[in-house]
> 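This is the structure I have questions about; it appears just below.
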Amino acid sequence: MSLYALIKSPSPAVGDSGRFNPSLKGKLLEILLDLLREYSLGTPVSPVPLHVVLALEQLSKLKPSFGSEGVYETLTLCWKAIVTHPSAELMLKIRKSQQAARYLQLQQTSVSALGRLMAVLLETEQSRGLFQNVVHVLRRSVASDNAWERKRALQVCSQLLAACEELRTGDACKHFGSLVGLLAPLTCDPMPTSRQLAVTCLSSLLRIQAKATNALIKTGDIGSLREGLNAGSTVSQLQTSSKIARVCCSSFPLERSVDFMTAIRETLREAKGMRARAAGKWMITFLQMHGKDIHWEVPSILHILRSCMRSMQQTMLLPILCQAAVILTRCHAELALDNNFWLLEPTDSDTWRRRIQAFYLREGSH
């Protein structure tokens with residue numbers, strides 16, 4: 001009998017919480033996590049993670065709770081086995097194999113099972129750190145070069161946010177800025193499915209935020225725009241993403257500004273192509289709409305821009321960062337103009353210094 005079946009079966013040791021021996025939960029949890037630790041990433045697609053997640057879903061419904069450390073380790077191992085794996089190279093091999101349909105179905109079922117597990121944990125564990133852990137593991141996946149990994153991460157995220165809507169939990173609101181910053185660039189992901197999933201997640205976040213603040217729900221505007229993301233032209237996709245940005249930023253809680261900018265910085269550092277350009281567009285849209293209202297956050301945002309400039313890999317994004325600097329300077333001259341070239345550090349190269357100074361002077365003079 002599988003562990004999944006054992007945990008669901010009505011017996012003196014397991015079954016409903018009234019007949020479950022609490023001392024066994026920790027032992028069963030460790031056995032399940034050991035299975036995930038031993039799961040080989042070289043395996044194309046294995047049913048092991050799926051069975052483990054199904055068993056964990058049942059186990060999580062029984063008292064006592066896993067505890068914050070148990071939840072984090074469970075989430076991390078499940079995420080690694082299902083979302084991070086298989087790699088892009090392995091996905092290509094799977095698609096070319098005779099067993100492709102079976103592998104892909106198993107993989108999709110595993111992703112859905114992980115989403116259900118996270119929704120159950122959200123309801124049963126009531127762990128304050130759950131969403132923080134979700135944002136942590138999500139950040140690594142959405143910045144991955146593996147397009148399939150980004151898609152799987154979005155699938156799980158959409159299930160979790162749907163559960164938040166149903167449960168009316170405010171945990172997502174506390175991480176609104178970070179989640180929007182992570183999801184926004186994926187509205188221009190190379191995969192059409194990922195672009196649509198990103199909009200689905202953003203719509204859920206806006207509804208959750210609106211319900212928490214008794215504000216008008218504006219997600220209908222996003223729904224009407226999502227078709228534009230299917231355009232074959234990357235220019236049209238970027239324009240649609242910018243329109244979605246304006247809708248999202250109109251409902252943005254300003255106390256989450258630094259979280260948003262920090263998440264955008266990670267994309268600007270790691271992502272390439274359209275995702276990086278979309279991240280820049282969202283950042284500029286946010287600052288144009290709220291630059292005057294984030295007085296206390298300006299020093300932190302200036303620090304984020306400076307660190308991003310010094311570590312970014314694509315010089316094409318330099319004008320976007322300088323434009324952000326100009327917006328903040330115009331809105332908060334008393335904070336930004338103490339040093340006209342506050343973006344620079346003594347260790348910056350002469351090339352960087354000349355390009356930043358030239359752009360800043362040209363745009364600032366306007």
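Side-chain atoms are counted along with the backbone in the values below, which use heavy atoms only and exclude waters and symmetry mates.
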> Hey, could you give me the CZ/OG distance between Arg277 and Ser242, rounded to the nearest 0.5 Å?
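If we round to the nearest 0.5 Å, Arg277:CZ and Ser242:OG are 9.5 Å apart.
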> Run the side-chain contact (heavy atoms from CB on, under 4.5 Å) check on Leu121 and Leu75 step by step: do they pass?
CA-CA 10 Å; Leu121 289 174; Leu75 174 61; 5.7 Å; no
> Distance from Ile327 atom CD1 to Cys322 atom SG, nearest 0.5 Å?
11.5 Å
> If you group Ile, Leu, Val, Met, Phe, Trp and Tyr by side-chain heavy-atom gaps below 4.5 Å, do Ile82 and Val48 land in one group?
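As far as the 4.5 Å side-chain criterion goes, Val48 and Ile82 are connected within one cluster.
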> Compare all side-chain heavy atoms of Lys80 with those of Thr76 and state whether any distance is below 4.5 angstrom.
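Side chain of Lys80 against side chain of Thr76, heavy atoms only: no contact under 4.5 Å found.
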> Please name the pair of heavy atoms, one in Pro86 and one in Arg152, separated by the smallest distance, quoted to 0.1 Å.
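Smallest interatomic distance, heavy atoms only, reads O-NH2, 2.8 Å.
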> What I'd like to find out is whether the side chain of Trp282 reaches to under 4.5 Å of the side chain of Ser241, using heavy atoms alone.
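They are in contact (side-chain heavy atoms under 4.5 Å apart), so the answer is yes.
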> Hey, does Leu54 have a side-chain heavy atom less than 4.5 Å from the side chain of Arg116?
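Yes. Closest side-chain heavy atoms under 4.5 Å.
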> Donor-acceptor pair, Lys61 side chain versus Thr124 backbone, under 3.5 Å?
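Absent.
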> Assess whether side-chain hydrogen bond (donor to acceptor under 3.5 Å, both in side chains) is satisfied between Glu266 and Thr262, documenting all intermediate values.
CA-CA 7 Å; Glu266 297 306 312; Thr262 300; over 6 Å; no
> Under the salt bridge (charged side-chain N to carboxylate O under 4.0 Å, His left out) rule, what pairs show up with a residue in residues 236-250, not counting sequence neighbours?
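Sorted result for residues 236-250: empty, none.
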> Could you list all the ring pair (Phe, Tyr, Trp, His ring centres under 6.0 Å) pairs where at least one residue sits in residues 236-258, not counting sequence neighbours?
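Listed once each, the pairs are Phe176-Phe252, Phe252-Phe260, Phe252-Phe286.
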> For Cys248 versus Ile222, what's the shortest heavy-atom pair and its separation?
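For Cys248 versus Ile222, the nearest heavy atoms are SG-CD1, 3.7 Å.
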> Side chains of Leu179 and Leu138: does their closest heavy-atom pair fall under 4.5 Å?
yes
> If you measure from the Lys or Arg side-chain nitrogens to the Asp or Glu carboxylate oxygens, is any gap between Arg37 and Glu73 under 4.0 Å?
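Answer for the salt bridge query: yes.
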> Using modelled atom types and a 3.5 Å cut-off, is there a donor and acceptor pairing between side-chain atoms of Ser144 and backbone atoms of Arg140?
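Side chain of Ser144 to backbone of Arg140, a donor-acceptor pair under 3.5 Å: no, none is there.
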> Can you tell me how far CG of Asn146 sits from OG of Ser141, rounded to the nearest 0.5 angstrom?
9.0 Å
> As a quick check of understanding, evaluate side-chain contact (heavy atoms from CB on, under 4.5 Å) for Leu268 and Ile264, giving each step before the final call.
CA-CA 6 Å; Leu268 292 174; Ile264 286 290; 3.9 Å; yes
> Do Leu205 and Leu183 have side-chain heavy atoms sitting under 4.5 Å apart?
yes
> Arg150: what forms a salt bridge (Lys or Arg N to Asp or Glu O under 4.0 Å) with it, not counting sequence neighbours?
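Applying salt bridge (Lys or Arg N to Asp or Glu O under 4.0 Å) to Arg150 gives Asp189.
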> Could you check Ser257 against Glu297 for side-chain hydrogen bond (donor to acceptor under 3.5 Å, both in side chains), going step by step and ending with a plain yes or no?
CA-CA 7 Å; Ser257 302; Glu297 288 80 10; 5.3 Å; no
> How many angstroms lie between atom CG of Leu182 and atom SG of Cys157, to the nearest 0.5 angstrom?
8.5 Å
> Hey, mind stepping through Val111 and Val83 against side-chain contact (heavy atoms from CB on, under 4.5 Å) and telling me if it holds?
CA-CA 7 Å; Val111 171; Val83 176; 5.6 Å; no
> Using side-chain contact (heavy atoms from CB on, under 4.5 Å) as the criterion, point out the one residue from Thr187, Leu154, Leu186 that pairs with Leu197.
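The single option meeting the side-chain contact (heavy atoms from CB on, under 4.5 Å) with Leu197 is Leu154.
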> For residues 132-170, pull every pair meeting ring pair (Phe, Tyr, Trp, His ring centres under 6.0 Å), keeping only residues two or more places apart or in separate chains.
none
> At their closest point, which heavy atom of Arg265 faces which heavy atom of Cys308, and how far apart are they?
CG-CB, 3.9 Å
> Drop me the distance from Arg306's CZ to Leu321's CG, to the nearest 0.5 angstrom.
12.5 Å
> Which heavy-atom pair separates Arg275 from Pro185 by the least distance, and what is that distance?
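That would be O-CB, 3.4 Å.
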> Tell me the closest heavy-atom pair linking Leu206 and Ser251, and the distance in Å.
CD2-CB, 4.1 Å
> Please list, chain by chain and in numerical order, all residues satisfying side-chain contact (heavy atoms from CB on, under 4.5 Å) with Ala119, sequence neighbours excluded.
Ala163
> Looking at Leu56 and Cys78, what are the two nearest heavy atoms and their distance?
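Scanning both residues completely, I find the closest heavy atoms to be CD1-SG, 3.6 Å.
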> Tell me whether Leu238 shares a hydrophobic cluster with Met283, the cluster being built from Ile, Leu, Val, Met, Phe, Trp, Tyr side chains joined at under 4.5 Å.
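No.
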> If you define the side chain from C-beta out and look only at heavy atoms, does anything of Ser110 sit under 4.5 Å from Val53?
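Contact flag for Ser110/Val53 side chains = no.
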> Among the clusters formed by ILVMFWY side chains lying less than 4.5 Å apart, do Tyr72 and Met118 turn up in the same one?
no
> Among Gln237, Arg195, Gln196, which one satisfies side-chain hydrogen bond (donor to acceptor under 3.5 Å, both in side chains) with Asn230?
Gln196
> Can you tell me how far the SG atom of Cys173 sits from the CD atom of Glu255, to the nearest 0.5 Å?
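Answer for the SG-CD pair, Cys173 versus Glu255, is 9.5 Å.
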> Is atom CD of Glu166 surrounded by more than 12 heavy atoms (other residues, nucleotides or ligands) closer than 6.0 Å?
no
> How is the hydrophobic cluster of Met289 composed, in terms of its other members, when Ile, Leu, Val, Met, Phe, Trp and Tyr link through side-chain heavy atoms under 4.5 Å apart, directly or indirectly?
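Met289 clusters with nothing; isolated.
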> With the side chain counted from C-beta on, respond yes when Pro190 and Met274 share a heavy-atom pair under 4.5 Å apart, and no when they do not.
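No; the side chains remain at least 4.5 Å from each other.
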> Is there side-chain contact between His175 and Asp259, with at least one heavy-atom pair below 4.5 Å?
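Side-chain contact under 4.5 Å: no.
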> Take Met261 and Ser300, measure what side-chain contact (heavy atoms from CB on, under 4.5 Å) needs, and give me the verdict at the end.
CA-CA 9 Å; Met261 292 292 293; Ser300 296; over 6 Å; no
